[in-house]
Amino acid sequence: MTKKLNILVVAGDGIGPEVTAEAVRILESVAEMGYHEFHFRHELIGGVAIDAHGSPLPQATLDAALKSDAVLLGAVGHNKFNALPPSERPEAGLLQIRAALGGFANLRPSFAWPGLAVNSPLRPEIVEGADILFVRELLGGLYFGEPRHWDKTTGSAWNTMRYTRDEVVRVAKVAFELAQKRRKKVTSVDKANVLEVSQLWRATVTEVAKDYPGVTLEHQYVDAMAMHIMNSPRSYDVVLTENLFGDILSDEAGVITGSLGMLPSATIGGKVDLYEPVHGSAPDIAGKGIANPIGAILTAAMLLRHSGGLEQDAEAIEAAVKKVLDQGYRTADLARGDKSASVLSTQEMGRRVHEALNEILSRRQAMHAV
Ligand code: IPM
Ligand code: MN
């Protein structure tokens with residue numbers, strides 16, 4: 001079955017363009033081998049868009065995004081905008097595109113790759129077998145709540161953590177439905193011992209859980225959860241969080257996976273699904289050709305799975321990544337000073353995954369031919 005997909009690529013700032021180029025090469029290969037038609041269009045977002053058009057989300061980018069089947073984003077953010085208020089920074093472009101596309105459930109899988117256990121700062125017997133899927137609510141909470149303001153005359157500032165019951169219901173359903181296909185456990189994260197918003201969150205998730213009797217629900221406070229996922233990452237299956245808690249815990253989960261540079265994400269539930277690696281623009285290493293492209297490559301796999309319905313191709317990409325890691329290839333972030341590791345550049349890592357993928361896909365084609 002061949003597939004037609006119009007993909008908008010917004011590579012953005014910092015290491016965004018370097019890692020996204022590798023992800024696009026992988027998608028091109030999948031298209032070629034499977035006779036699919038993937039059309040790529042490129043537009044600006046973030047700091048590069050501010051520089052070129054004075055806006056972090058130019059109208060042309062937004063229009064192209066709404067017309068596409070999927071949006072593949074690299075990263076946004078640059079230190080040179082640090083003095084600007086949040087509404088004028090590169091990050092505002094990302095929040096605006098998220099809101100415009102409407103995806104409210106941000107899926108962030110964190111998986112302990114067997115080959116990387118030796119490079120993890122956690123002991124291998126702690127991380128081995130860990131496989132967590134964070135479902136982060138992406139359109140509510142402190143990120144979008146009003147009022148928000150920094151009053152420089154009085155020296156006070158405020159943001160609003162706000163959720164409606166409906167916003168919690170819709171994201172909780174996504175978490176329970178995904179848990180049904182996995183190990184049937186949802187851990188809902190909140191701060192219900194202090195915050196009213198979290199009390200609403202907890203009560204609502206508890207209510208939604210009644211429709212999923214086969215799934216076990218547990219609640220954890222966010223501070224305790226930050227510790228538990230390091231102590232016993234294997235105890236968790238689907239972890240459901242509000243926006244900010246999910247932002248924080250998913251970076252922490254990079255430790256389980258070996259590096260933040262490994263983590264992909266997919267945002268679903270809106271008009272057009274949005275795919276972005278979890279790592280940011282990493283200005284300190286941008287342009288050096290040393291960034292890890294695997295987060296972006298695995299993000300491309302999520303795109304094929306969720307927007308393309310191409311599960312087998314998504315699995316082939318994941319298998320290619322596994323193979324390359326098993327062979328001992330590492331980018332600098334993964335090697336962590338391991339002298340025996342073969343440390344590759346961004347492009348070399350991309351090429352290794354590409355080669356492994358082509359091998360897997362050709363073998364598959366040969367099997368189908370007989
Ligand atoms: C992420 C990022 C973004 C977020 C920033 C860049 C706005 O940290 O996707 O995790 O906070 O959501
Ligand atoms: Mn983040």
Side-chain angles (χ1 to χ4, degrees), residues 10-17 19-20 23 44-50 55-57 61 71-82 84-110 132-145 148 159 161 163 167 171 189 222 225-226 229 239-257 259-270 273-286 291-292 295-296 298-299 302-303 333:
V10 276
D13 302 322
I15 61 170
V19 297
T20 307
L44 300 177
I45 196 166
V48 288
I50 298 178
S55 156
L57 181 64
T61 305
V71 177
L72 179 64
L73 188 136
V76 299
H78 194 286
N79 292 335
K80 76 178 189 197
F81 302 103
N82 282 356
L84 293 176
S87 61
E88 292 166 30
R89 292 171 59 109
E91 289 84 348
L94 177 55
L95 298 179
Q96 284 163 21
I97 200 170
R98 284 178 182 169
L101 299 181
F104 55 84
N106 180 220
L107 316 184
R108 299 190 158 189
S110 177
I132 305 178
L133 176 61
F134 288 88
V135 177
R136 170 189 176 192
E137 200 292 326
L138 206 63
L139 291 185
L142 281 167
Y143 278 62
F144 291 94
R148 55 185 298 158
N159 288 94
M161 188 189 265
Y163 271 104
E167 285 170 335
V171 74
V189 175
V222 61
M225 191 62 183
I229 59 171
V239 175
L240 170 64
T241 75
E242 67 90 51
N243 204 344
L244 181 67
F245 297 164
D247 179 46
I248 297 168
L249 293 181
S250 62
D251 266 35
E252 193 192 13
V255 176
I256 298 165
T257 302
S259 159
L260 187 52
M262 293 290 296
L263 299 182
S265 97
T267 303
I268 61 169
D273 293 338
L274 171 66
Y275 299 87
E276 38 176 326
V278 174
H279 64 69
S281 57
D284 52 324
I285 58 162
N292 185 350
L298 293 172
T299 298
M302 292 190 89
L303 188 156
D333 56 318

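Quick note: residue numbers are just sequence positions, from 1. Atoms within a ligand are numbered from 1 in the order they appear, just like the ligands themselves.
Here OG1 of Thr299 is found 7.0 Å from CG of Leu72. Values are rounded to the nearest 0.5 Å.
No donor-acceptor pair closer than 3.5 Å links the side chain of Arg108 to the backbone N or O of Asp251. Counting only distance, with no hydrogens or angles, the side chain of Ser250 and the backbone of Gly246 share a donor-acceptor pair below 3.5 Å. Distance alone, capped at 3.5 Å, places no donor-acceptor pair between the Arg98 side chain and the Gly103 backbone.
Of the heavy atoms in Arg136, only side-chain atoms (C-beta onward) come closer than 4.0 Å to ligand 1.
The residue from Leu244, Asp247, Val76 that puts a heavy atom closest to atom 2 (C) of ligand 1 is Asp247. The residue from Glu91, His279, Arg98 that puts a heavy atom closest to atom 3 (C) of ligand 1 is Arg98.
Listed by number with element, the atoms of ligand 1 under 4.0 angstrom from any heavy atom of Arg108 are 1 (C), 9 (O), 10 (O).
The single protein non-hydrogen atom nearest to atom 11 (O) of ligand 1 is Tyr143 OH, 2.5 Å, given as residue, atom name and distance. For atom 5 (C) of ligand 1, the nearest non-hydrogen atom of the protein is Leu94 CD2, 4.1 Å.
Taking 2.8 Å as the criterion, Asp247 counts as a coordinating residue of the Mn ion (ligand 2), since one of its N, O or S atoms falls below it.
Residues Ser281 and Asp13 bring no donor and acceptor atom of their side chains to less than 3.5 Å of each other.
Glu137 and Tyr163 make their closest contact through OE1-OH, 2.7 Å (heavy atoms, listed as atom of the first residue, atom of the second, distance).
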